[in-house]
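Here is the structure we will look at, set down as structure tokens.
Below, chain A is the first sequence line, B the second, and so on; all start at residue 1. Hydrogens, waters and symmetry mates are skipped; everything else that's a heavy atom, side chains included, is used.
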Number of protein chains: 2
Amino acid sequence: MTGQPSPYTPHNHKRCIHDALHKARILCRDRGVRLTVLREKVLELVWQSHCPVGAYEILAELTQGESKPAQPPTVYRALDFLQEQGLVHRLSSINAYIGCSRPNTPHHSSFLICTQCRTTFEIEHPSIDQSLKACADDHGFTITDTSIELAGLCTNCRTNRRINKL
Amino acid sequence: MTGQPSPYTPHNHKRCIHDALHKARILCRDRGVRLTVLREKVLELVWQSHCPVGAYEILAELTQGESKPAQPPTVYRALDFLQEQGLVHRLSSINAYIGCSRPNTPHHSSFLICTQCRTTFEIEHPSIDQSLKACADDHGFTITDTSIELAGLCTNCRTNRRINKL
DNA sequence: TAGCGAGGCGTTATAACATAACATTTTTGT
DNA sequence: ACAAAAATGTTATGTTATAACGCCTCGCTA
């Protein structure tokens, strides 16, 4: 199971969002932290996009239809909370945020970010963690946080590009 | 050999800068690209710090003692050139730049960034590349660019912290 | 259930990082 | 020496993120 369902039908996308929110509510309740209306709304907006979203995009969507526009700190604070709880990840190489597909288990994720369609896969593989850990150990370095972001072409875009070239 | 010499004496630091600039000149000459005075100056400033430096820090140092202050594009263009030539790396997780320790060989580097002293090691290990490649292949993903940045504590800082705690 | 304290949010302002667009200068090939 | 291309200067602005302060709300305890 990868973060996003492979065929992006509107239906399973909706279900995907719904599941993520449901998981988040349970997780926050269990931890005794407050998933407020605002925070949940931000989380929903993050999941609504099947690609990573920028903070200011969220801000714009949050403002949609409201009388007074929301301000940056509103979004950033919510994102900070969601990151602390492991519900979203920040992709520093593109300054964007994406819902975490496995919020329950603490983990170091890697991301495959398609430069063409921006679709991003959260991958997790023991061998990556192992080799990084081994490398860090060699240098006496203790890892506390990782940012592993691989840019390139996803299957679809590579195929399409090949077709376009023919 | 890692990017920076382990004991930071002023002497080997100077030699380190000198070597890096020398390598860069040769490399640019061989490639038929122009390492202009400005570009070389920026490269020198990047190396002068034994830690990653921000673009605006470079800008400030560049402006030091000059009548007219330099402007951001001046620095960013130089940095772009240096990155294209593989002479510096950008660390997106901390918005900073660092001299590349192995500019000759094309490679995907990983970085160990100490959150305490900001000292950063450029590491390269076949096993990391391999496991990432394998993982990407599993997803039909073609990697074109990597950003692998591991934050944590370096040997020194971990030791010191332990001492401080006692 | 009143009051208090912490956490969450609104609001204003600004910091930090980066680039677009166009003018001018320098370099290079002919 | 000239024209074209590359590099740099300059002005303005875009984008991302945070500091600081005040008010409000929620949950706890007396």
Which nucleotide in [options] has an atom nearest any side-chain atom of [X]:
{"X": "A:Arg34", "options": "C:dT19, D:dT8, C:dG7", "answer": "C:dG7"}
{"X": "B:Ala55", "options": "C:dA18, C:dC9, D:dA17", "answer": "C:dA18"}
{"X": "A:Arg90", "options": "C:dA18, D:dA17, D:dG9", "answer": "D:dA17"}

Measure from the side-chain N and O atoms of B:Thr120 to the backbone N and O of B:Pro52, and report whether any donor-acceptor pair falls under 3.5 Å.
->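 No.
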In whole angstroms, how far is the [atom2] atom of [N] from the [atom1] atom of [X]?
{"X": "B:Leu79", "N": "D:dT8", "atom1": "CG", "atom2": "P", "answer": "12 Å"}
{"X": "A:Glu57", "N": "D:dT15", "atom1": "CD", "atom2": "P", "answer": "11 Å"}
{"X": "B:Tyr56", "N": "D:dT15", "atom1": "OH", "atom2": "C1'", "answer": "11 Å"}
{"X": "B:Tyr76", "N": "C:dA21", "atom1": "OH", "atom2": "P", "answer": "18 Å"}
{"X": "A:Gln71", "N": "C:dT14", "atom1": "CD", "atom2": "P", "answer": "14 Å"}
{"X": "B:Arg77", "N": "D:dG9", "atom1": "CZ", "atom2": "P", "answer": "8 Å"}
{"X": "A:Asp80", "N": "D:dA19", "atom1": "CG", "atom2": "C1'", "answer": "13 Å"}
{"X": "B:Glu66", "N": "D:dT8", "atom1": "CD", "atom2": "C1'", "answer": "14 Å"}

With respect to the phosphate group of [N], does any side-chain polar atom (N or O) of [X] fall under 4.0 Å of OP1 or OP2?
{"X": "A:Thr36", "N": "C:dC9", "value": "yes"}
{"X": "A:Asn95", "N": "D:dA17", "value": "yes"}
{"X": "A:Thr74", "N": "C:dC9", "value": "no"}

Is the shortest distance from a Lys or Arg side-chain nitrogen in B:Lys23 or B:Asp19 to a carboxylate oxygen in the other one below 4.0 Å?
->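 Here B:Lys23 does not pair with B:Asp19 in a salt bridge, since their nearest N and O are not under 4.0 Å apart.
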Residue whose closest nucleotide on DNA chain D lies nearer the 5' end, B:Lys68 versus B:Arg39 =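 Nearest-nucleotide comparison on DNA chain D picks B:Arg39.
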CG/A:Leu150 to OG1/A:Thr115 distance, rounded to the nearest 0.5 angstrom?
->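 Spacing of CG (A:Leu150) from OG1 (A:Thr115) equals 12.0 Å.
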B:Tyr97 or A:Phe81, whichever maps to the more 5' nucleotide of DNA chain C =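 Its nearest nucleotide being more 5', the pick is A:Phe81.
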A:His18, NE2: over 12 other non-hydrogen atoms inside 6.0 angstrom =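 No - once you tally the heavy atoms of other residues, nucleotides and ligands closer than 6.0 Å, there are 12 at most.
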Does the ring center of B:Phe111 lie less than 6.0 Å from the ring center of B:His89?
->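 Centroid distance B:Phe111-B:His89: below 6.0 Å, so yes.
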